[in-house]
Amino acid sequence: MTEKALKSWGCISDHAGAINMRVLKLFCPECKSPAVIRRSVPKGDKFSDLYCACSNVECGHTYVLNLTFSHTLSPSTMATDRLVKELVGQLSPEQRQFALDLLQAS
């Protein structure tokens, strides 16, 4: 897949000014016309097959893209909360009390 065939663009914000989402814009690798995702099949937690179709009726090309997770730019706060819960769960009662005392002191 070439860089031209797969790009994202920003949405214009509405009058309230709160919209700032990115939309995946696909292009047919054969005729470069816009394409759409018809179906998504998850293959694991971080990998999916995207079944795509060219919107140009004269072309009619259908194809599969592989979408995979690359890396994290900013960690989720949910991941941090899970990590803290897991760590605290592994502490002995004395260690928990010590940690609680440290938190209350600060």
Side-chain angles (χ1 to χ4, degrees):
M1 180 61 53
T2 65
E3 196 172 294
K4 287 183 181 178
L6 192 64
K7 71 177 184 180
S8 63
W9 54 281
C11 287
I12 300 172
S13 62
D14 63 1
H15 294 295
I19 297 176
N20 184 17
M21 61 185 235
R22 297 279 178 184
V23 176
L24 183 65
K25 193 166 183 182
L26 302 174
F27 295 95
C28 174
E30 295 297 320
C31 72
K32 309 303 183 230
S33 295
V36 294
I37 299 170
R38 295 285 186 208
R39 186 167 60 125
S40 174
V41 179
K43 297 292 185 176
D45 288 343
K46 298 179 180 181
F47 185 80
S48 293
D49 282 340
L50 304 179
Y51 289 79
C52 305
C54 179
S55 61
N56 180 350
V57 292
E58 292 179 3
C59 176
H61 185 225
T62 58
Y63 56 98
V64 179
L65 290 176
N66 301 125
L67 180 66
T68 185
F69 173 83
S70 174
H71 58 279
T72 298
L73 297 176
S74 176
S76 166
T77 57
M78 292 174 61
T80 305
D81 293 346
R82 278 194 312 265
L83 178 61
V84 169
K85 185 177 179 181
E86 186 177 323
L87 289 173
V88 170
Q90 294 179 7
L91 296 175
S92 68
E94 296 83 21
Q95 290 172 322
R96 284 185 194 176
Q97 186 59 50
F98 178 72
L100 184 58
D101 293 341
L102 285 174
L103 289 170
Q104 288 175 341
S106 60

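Residue indices begin at 1 and follow the sequence shown. Computation of the quantities below employed the complete heavy-atom set of this structure, encompassing side-chain atoms and omitting hydrogens, waters and symmetry-equivalent molecules.
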**Q** Indicate if Leu67 and Phe69 have the same hydrophobic cluster label, given that clusters are the connected sets of ILVMFWY residues with side-chain heavy-atom separations under 4.5 angstrom.
**A**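 Unlinked, Leu67 and Phe69 end up in two clusters.
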**Q** Are Asp49 and Asn66 packed together at the side-chain level, in the sense that at least one heavy-atom pair is separated by less than 4.5 angstrom?
**A** yes
**Q** Side-chain contact test, heavy atoms from C-beta onward, threshold under 4.5 Å: evaluate it for Cys54 versus Cys31 and give yes or no.
**A** yes
**Q** Can you give me the closest heavy-atom contact between Pro42 and Ser40, atom names plus distance?
**A** CD-O, 3.7 Å
**Q** With rounding to the nearest 0.5 Å, note down the distance linking OG in Ser33 to CG in Leu26.
**A** 12.5 Å
**Q** Could you give the distance from CG (Leu91) to CD (Glu86), rounded to the nearest 0.5 Å?
**A**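 It comes to 11.0 Å.
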**Q** Just by distance, do the side chain of Thr72 and the backbone of Pro75 share a donor-acceptor pair under 3.5 Å?
**A**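 A pair under 3.5 Å: no.
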**Q** Work out which heavy atom in Tyr63 is nearest to a heavy atom in Phe27; give both atom names and the distance.
**A**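 Tyr63 and Phe27 have their closest heavy atoms at OH-O, 3.3 Å.
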**Q** For Arg96 and Gly89, work out which heavy atoms get closest and say how close.
**A** NH2-O, 3.3 Å
**Q** Cluster question for you: counting only ILVMFWY and a side-chain heavy-atom cut-off of under 4.5 Å, with indirect links fine, are Leu50 and Phe47 together?
**A** no
**Q** Could you measure the distance from the CZ atom of Arg38 to the OG1 atom of Thr62? Nearest 0.5 Å is fine.
**A** 10.0 Å
**Q** Quick check: closest heavy atoms across Cys28 and Ala35, and the distance to 0.1 Å?
**A** N-CB, 4.0 Å
**Q** If we ignore hydrogens and angles and just use 3.5 Å, is the side chain of Gln104 paired with the main-chain N or O of Asp101 as donor and acceptor?
**A** no
**Q** Is Cys52 close to His61 at the side-chain level, that is, under 4.5 Å between some pair of heavy atoms?
**A**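 With C-beta onward as the side chain, the pair stays apart.
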**Q** Can you tell me how far CZ of Arg82 sits from OG of Ser76, rounded to the nearest 0.5 angstrom?
**A**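 The distance works out to 6.5 Å.
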**Q** Would a single hydrophobic cluster contain both Leu83 and Val88, if residues Ile, Leu, Val, Met, Phe, Trp and Tyr are joined by side-chain heavy-atom contacts under 4.5 Å?
**A** no
**Q** Do Thr68 side-chain atoms and Lys46 backbone N/O form a donor-acceptor pair below 3.5 Å?
**A** yes
**Q** Is it the case that Arg39 places NZ or CZ above or below the six-membered ring of Tyr51, under 6.0 angstrom from the centre and within 45 degrees of the axis?
**A**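 Here Arg39 passes the 6.0 Å and 45° test against Tyr51.
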